[in-house]
Amino acid sequence: MLQSNGDKKNALGLLLMETDVLGRSFYERPAIEVARSLLGQILVHEETAGRIVEVEAYLGLEDPAAHASRGVTARTRVLFGPPGHAYVYFIYGVYECLNLVAEPEGRPGCILVRALEPLAGLEVMRRRRPKAGSIEQLTSGPAKLTMAMDITRRHNGADVTRGALTVRSPRGQSDFEIAATPRIGIRQAKEWPLRFLIAGNRFVSRRESS
DNA sequence: CAATAGATCATCT
DNA sequence: GATGATCTATTGC
């Protein structure tokens, strides 16, 4: 969209002016509801920002694909804590993925943020992801977006209703259709339609799915 | 295009 | 000791 350096710096400032940080009550709801509501919201970390276009809901003990399904461990502790906090886990010895904790304290539902539409700090994102050949590839995957926005395990447990890492809501109305599909990359509960995305958006991690 | 292998380590069995 | 909520490069059609 915006091309010059000056404009890009402005892009983040404008974004902050036009959005409000989502509070605790937003997250203190069933995970599926929070997942759908997160679409179209803006993830902000330092000088970078992106619009959430794809998420997955993970439930509790009843969801065999969820990390929380085996109860409280050192890793899953934050999932059982209060909502509105980040759960960042390390996977495949290489990557980190960002989740947002939902549901009232004691219930471990969470939302995996799978793809963003880059809105601010594109220059920085490109530098952090030199292998991305196009803007579409910058943040179109759960580990791509954490790399592009420098979200790491140091954010595990961070409160996203305040501080450096936040989710913000645009004031205007958003108008888009939500598609639901099975979740990606799991072995258990493969068919559950808990992946939600903005229909037709070109920044989602996969075009087609079934 | 689609399929697959390799990277590489925290976490849990 | 095996496995994984992924990405990338490479191979093969």
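Below, chains carry the letters A, B, ... as their sequence lines are ordered, and counting in each starts from 1.
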Practice item. Check each residue of residues 137-148 of chain A for a non-hydrogen atom within less than 4.0 Å of any atom in DNA chain C, then write out the ones that pass by number, or none. Key: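 Contacts with DNA chain C under 4.0 Å: Gly141(A), Pro142(A), Ala143(A), Lys144(A).
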
Review point. Going by number, which of residues 40-62 of chain A have a non-hydrogen atom under 4.0 Å from DNA chain C?
Key: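 Contacts with DNA chain C under 4.0 Å: Tyr58(A).
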
Review point. Counting heavy atoms not belonging to Arg171(A), are there more than 12 under 6.0 Å from its CZ?
Key: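 Correct, the count exceeds 12.
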
Check your understanding: Do the side-chain N and O atoms of Ser205(A) and Glu54(A) include a donor-acceptor pair separated by under 3.5 angstrom?
Key -> yes

Under 3.5 Å, which N/O atoms of the protein pair with N/O atoms of nucleotides 11-13 of chain B?
from, atom 1, to, atom 2, distance (Å)
dC12(B), OP1, Thr73(A), OG1, 2.2

Pull out every protein N or O sitting under 3.5 Å from an N or O of nucleotides 2-7 of chain B, one pair per line with the distance.
none

Point to revise | Note, Leu79(A) side chain near Tyr89(A) side chain (heavy atom, < 4.5 Å) | key: no

**Study point:** 5' priority, DNA chain C, between Lys131(A) and Cys97(A) [closest heavy atom]
**Key:**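 Here Cys97(A) is the residue nearer the 5' end.
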
Check your understanding: So, Thr76(A) side chain and His67(A) main chain: donor-acceptor pair closer than 3.5 Å or not?
Key ->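 No: the side chain of Thr76(A) does not pair with the backbone of His67(A).
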
Exercise for review: Output, in order, the C-alpha distance, side-chain angles, deciding distance and verdict of side chain to side chain contact (heavy atoms under 4.5 Å, CB included) for Glu105(A) and Val101(A).
Suggested key: CA-CA 9 Å; Glu105(A) 182 161 4; Val101(A) 178; over 6 Å; no

Check your understanding: Where does the chain A footprint on DNA chain C start and end, counting 5' to 3' with a 4.0 Å heavy-atom cut-off?
Key -> dG4(C) to dA9(C)

Review point. Yes or no on side chain to side chain contact (heavy atoms under 4.5 Å, CB included) for Tyr27(A) and Val167(A), after CA distance, side-chain angles and deciding distance?
Key: CA-CA 11 Å; Tyr27(A) 301 96; Val167(A) 183; 3.3 Å; yes

Revision key, fill the gap. Annotated structure of DNA chain C as dot-bracket, pair cut-off 3.5 Å, Watson-Crick or G-U only, | for inter-strand, is ||||.|||||||.

